[in-house]
Participant: 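Got a structure for you, written out below as structure tokens; questions coming shortly.
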Amino acid sequence: MRKRKRVRSAGCRNVLWSEWWIWVSKDATKPGEGQRVSYTSEPHCQITSMETGKNTEDHLKAHKMKKKILRKQVRAQHTLMRHEGIECISHATQSLVIANAGLGNGMSRHQLHRIVDNYGVVETLLMPPNKPYSFVQYESTEEAKKAFDALNGKEVTLEDFDQNIVLYCNFVGKVFWKNSVPTSLPPDLKVIEDIISPEEERKMLESIDWRGDENTQTAQKTLKHRRVKHFGYEFRYDNNDVDKDNPLPGGLPEICIPFLEKCLKQGYIKHKPDQLTVNQYEPGQGIPPHIDTHSAFEDEIISLSLGSEIVMDFKHPDGHTVAVMLPRRSLLVMTGESRYLWTHGITPRKYDVIQASELGQKVGTITADVRDLTLKRRETRTSFTFRKVRRSSCNCIYPSVCDSQKGQQRQAEPSFPHNEMEASELEQQYVHKVYEEIATHFSSTRHSPWPRVVEFLRSLPEGSIVADVGCGNGKYLGINRDLYMVGCDRSKNLVDICGEKDCQAFVCDALSVPIRSGSCDACISIAVIHHFSTAERRLAAIRELARLLKPGGTALIYVWAMEQEYKNQKSKYLKEKHGSKDKEEESSTGTSQRLLDDQKHDRSSQGSACSDRLLDDSEDKGCAAKPVADSRLPVHTNRTSFHSQDMLVPWHLKGGIKKKGAVVDEASLAGCKESQELSPVFHRYYHVFREGELEAACRSLDCVRILKNYYDQGNWCVVLEKL
């Protein structure tokens, strides 16, 4: 029996074919026995039909593979452009991006180095954290081309995961990466290495019996991501609290007592803990980001890492994150801000991104240096976390994230003012009285003049008469000795400090300055007008500045900005937010605050009266929020984003410094219970300005024109000229 086949040689697409029919015998076993050979008119294309079928199948497979690789290359190009803004190029260069060879999908630096070293001298290997790609730069373009040809579409096995992946390569231009700035630990957080010996570690681990899933005496539980035991008191995960009236039998394990006495003796803790939680984490397990409940435990929380090291992630409410390496047998001590404000957690994964140069493992933060990052496989880790159960409500200085204070706060917070009398009373209580109390401490934090204010003062003609309205401690009064400067401020104590510096200043209200109209060549109002609580009073303060000026005279105004991140740049105050707690006013802002979602939801209707009257010509930039009846002013959490234009900003009085013989007013002083650790907290009223709001207010006055407006490190600024 015979069948007819039509044969065509693969790969010769653009030639004219002379096709012959081929008769093949079913029983033919070799040429000449019923099998005819086909030929085409193309030279050197003589093949058998059997070979042709195999070649065609191989060609189709190769063609499909090339299409797949090309498709993956294009996808990798789009990912790179979206993540890093780096564009791939078509011609060969010294630099390659290798997709699927990143820390984010399990490739270690050691393995990738071994792979890419086969094709030439590697000058640079960059591995961004948590990304599925890496960059390699060779000494020459020829070496990079050799690596591209060998690695593009190559299947490799990830050493630590026994998983196959396919690499996809693209050429890129020179890759520029910002040098990493070493990150400091969160404030009030310590990590003490080698707090116990290996023998002590072994005994403590052996003392914990994990047999069985439940144990009443230790409240043992098997949770989704870890196993846990409680001693002393059970921590209830259903309400994130402890039952203080029902201690667990047995107290803390005896083996922990010498360790706790050592911590007390060396000053790591001040109070002996009475509650212990033991967590056991297998590789791939973790614990969600959280803040230990304020009302449940005292300030100090310590955690001992046994069996293995781990990377713990700390996050500030403004989104700033710090990855902290906790070495084996180290002690983590959380107090103050790190305990009350920052969340901490362990990401569930089987490996950690760490510094390749510190595989040892060294304590400290993990710096995102792409030239020195690798993966470290996790092992079983057991943590002993000791706490002291709190017997009274929490009185910390972070009310927006404190469960003890949230209910009390609403009663203490003043309402938004609805008339002139209420506005005046609010400012008297939450601006004037507060600055009288904190004047000495406030002055100690206000010693560096802002450069652009100095520039304005030095640009004035010699002999100019200048009024500094709201001069504070007088830090601008002596900037330019060629000027005749006089200051005024509502706070007598701040004016007294000006006198101690031999500066001319007097006490008055910024709405009624006792200086003759038209007598000043220039005025400055730096960080003052945002303390007025209604749009009418803020406008009146600007009008008063204009009254003091001669025709042609200029005024410089600074107000605090709602936008502390402008044109993708964080303000200086945000960048320095973890450096000094004294800079309360400047460092009270951030970018996003997930912990304040409930506060944000409750108070989203609160805002400023400014928008509906002063920003009609700039609707999209105005404050959309409107004040409502009986609305309460929110208490802002320092160094977090603003959720309302009108709020109370805490001032933490350092060391209890205040004017001599002063009686602290309870209405303006928050959280002043007797405590050795916590300082008094005063609340100051602020209205933060949105972009365009200050200019709109100035334009509503016929007697001035705006010469310049700009944004300067978290402030909106204008320069006015008197017409």
Participant: Using side-chain heavy atoms (C-beta onward) and a distance below 4.5 Å, is V97 in contact with C88?
Facilitator: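 In contact.
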Participant: Indicate yes or no for a side-chain donor-acceptor contact from R339 to the backbone of D292 under 3.5 Å, with no hydrogens or angles considered.
Facilitator: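 Judged by distance alone, yes, a pair lies under 3.5 Å.
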Participant: Is the side chain of H320 donor-acceptor paired with the backbone N or O of K315 at a distance under 3.5 Å, no angle test?
Facilitator: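 Checked: no pair found.
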Participant: With side chains defined as the heavy atoms from C-beta onward, is the minimum distance between I98 and V116 less than 4.5 Å?
Facilitator: yes
Participant: Between R377 (side chain only) and P283 (backbone N and O only), is there a donor and an acceptor less than 3.5 Å apart?
Facilitator: no
Participant: Can you find a side-chain donor-acceptor pair between D313 and T347 that sits under 3.5 Å?
Facilitator: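 Yes, because at least one side-chain N or O of D313 sits under 3.5 Å from a partner of the opposite role on T347.
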Participant: With distance as the sole test, does R329 use its side chain to make a donor-acceptor pair with the main-chain N or O of E200 at under 3.5 Å?
Facilitator: no
Participant: Are L189 and W342 close enough, and set up right, to give a side-chain contact (heavy atoms from CB on, under 4.5 Å), and what steps lead you there?
Facilitator: CA-CA 10 Å; L189 185 139; W342 292 62; over 6 Å; no
Participant: Does the side chain of D712 reach to within under 4.5 Å of the side chain of V453, using non-hydrogen atoms?
Facilitator: no
Participant: Quick check against the 3.5 Å criterion: does Q564 have a side-chain atom that pairs as donor or acceptor with the backbone of G714?
Facilitator: yes
Participant: Taking the side chain as C-beta and beyond, is there a heavy-atom pair between W450 and I526 under 4.5 Å?
Facilitator: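 Touching, per the 4.5 Å side-chain cut-off.
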Participant: From the options E201, E379, E309, select the one residue that forms a side chain to side chain donor-acceptor pair (under 3.5 Å) with R328.
Facilitator: E201
Participant: Measure the OG1-CD distance between T382 and E282 for me, rounded to the nearest 0.5 Å.
Facilitator: 8.0 Å
Participant: Could you walk me through whether F384 and F259 pass ring pair (Phe, Tyr, Trp, His ring centres under 6.0 Å), step by step?
Facilitator: CA-CA 11 Å; F384 281 54; F259 167 72; 8.5 Å; no
Participant: When you compare the side chain of F689 with that of E695, does any pair of heavy atoms fall below 4.5 Å?
Facilitator: no
Participant: Could you walk me through whether F171 and H91 satisfy the ring pair (Phe, Tyr, Trp, His ring centres under 6.0 Å) test, starting with their C-alpha distance in whole Å, then the side-chain angles of each, then the deciding distance to 0.1 Å, before giving a yes or no?
Facilitator: CA-CA 7 Å; F171 290 105; H91 62 273; 8.1 Å; no
Participant: Determine whether V172 and I89 satisfy the following criterion, side-chain contact (heavy atoms from CB on, under 4.5 Å), listing intermediate values before the conclusion.
Facilitator: CA-CA 6 Å; V172 293; I89 52 184; 5.5 Å; no
Participant: Tell me whether R381 contacts the main-chain N or O of Y281 through its side chain, where contact means a donor paired with an acceptor under 3.5 Å.
Facilitator: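 Looks like no, no N/O pair under 3.5 Å.
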Participant: Is the side chain of H110 donor-acceptor paired with the backbone N or O of S108 at a distance under 3.5 Å, no angle test?
Facilitator: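 Between the backbone of S108 and the side chain of H110 there is no qualifying donor-acceptor contact (under 3.5 Å).
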Participant: Answer yes or no: is there a side-chain heavy-atom contact under 4.5 Å between L341 and I291?
Facilitator: no
Participant: Return the CG to CE distance between L103 and M127, rounded to the nearest 0.5 Å.
Facilitator: 4.0 Å
Participant: Just wondering, do W716 and E693 contact through their side chains at under 4.5 Å, heavy atoms?
Facilitator: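 Answer no - side chains too far apart.
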Participant: Determine whether a donor-acceptor pair (N or O, by modelled atom type, separation under 3.5 Å) exists between the side chain of N100 and the backbone of V166.
Facilitator: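 Here the side-chain-to-backbone pair exists.
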Participant: Below 4.0 angstrom, N of the basic side chain to O of the carboxylate: do D149 and K146 qualify?
Facilitator: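 No, no charged N to carboxylate O under 4.0 Å.
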Participant: Determine, for Y710 and R452, whether the Lys NZ or Arg CZ falls below 6.0 Å from the six-membered ring centre while staying within 45 degrees of the axis.
Facilitator: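 Checked: cation-pi criterion met.
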Participant: The test is side-chain contact (heavy atoms from CB on, under 4.5 Å); show your working for T277 and R387 and say whether it passes.
Facilitator: CA-CA 8 Å; T277 298; R387 309 174 181 92; 3.0 Å; yes
Participant: K154 versus I115: any side-chain heavy-atom pair under 4.5 Å?
Facilitator: no
Participant: How long is the gap from OG1 on T93 to OH on Y138, to the nearest 0.5 Å?
Facilitator: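 Rounded to the nearest 0.5 Å, the OG1-OH separation comes to 11.5 Å.
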Participant: Quick one: CE on M334 to CG on D188, what's the gap to the nearest 0.5 Å?
Facilitator: 11.5 Å
Participant: Could you measure the distance from the CG atom of N130 to the CZ atom of R349? Nearest 0.5 Å is fine.
Facilitator: 6.5 Å
Participant: Is there a side-chain contact (heavy atoms from CB on, under 4.5 Å) between I302 and L332? Walk through the geometry before answering.
Facilitator: CA-CA 5 Å; I302 59 174; L332 172 71; over 6 Å; no
Participant: Do the charged groups of E142 and K145 touch, with an N to O distance under 4.0 Å?
Facilitator: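 K145 and E142: not salt-bridged.
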Participant: Check whether the side chains of Y711 and E563 place a donor and an acceptor atom closer than 3.5 Å, and report yes or no.
Facilitator: no
Participant: So does V228 get a backbone contact from the side chain of N279, meaning a donor-acceptor N/O pair under 3.5 Å?
Facilitator: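 Here the side-chain-to-backbone pair does not exist.
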Participant: Counting only N and O atoms by type, is there a donor-acceptor contact under 3.5 Å from the side chain of E143 to the main-chain atoms of E139?
Facilitator: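 Yes, E143 side chain to E139 backbone: donor-acceptor pair under 3.5 Å.
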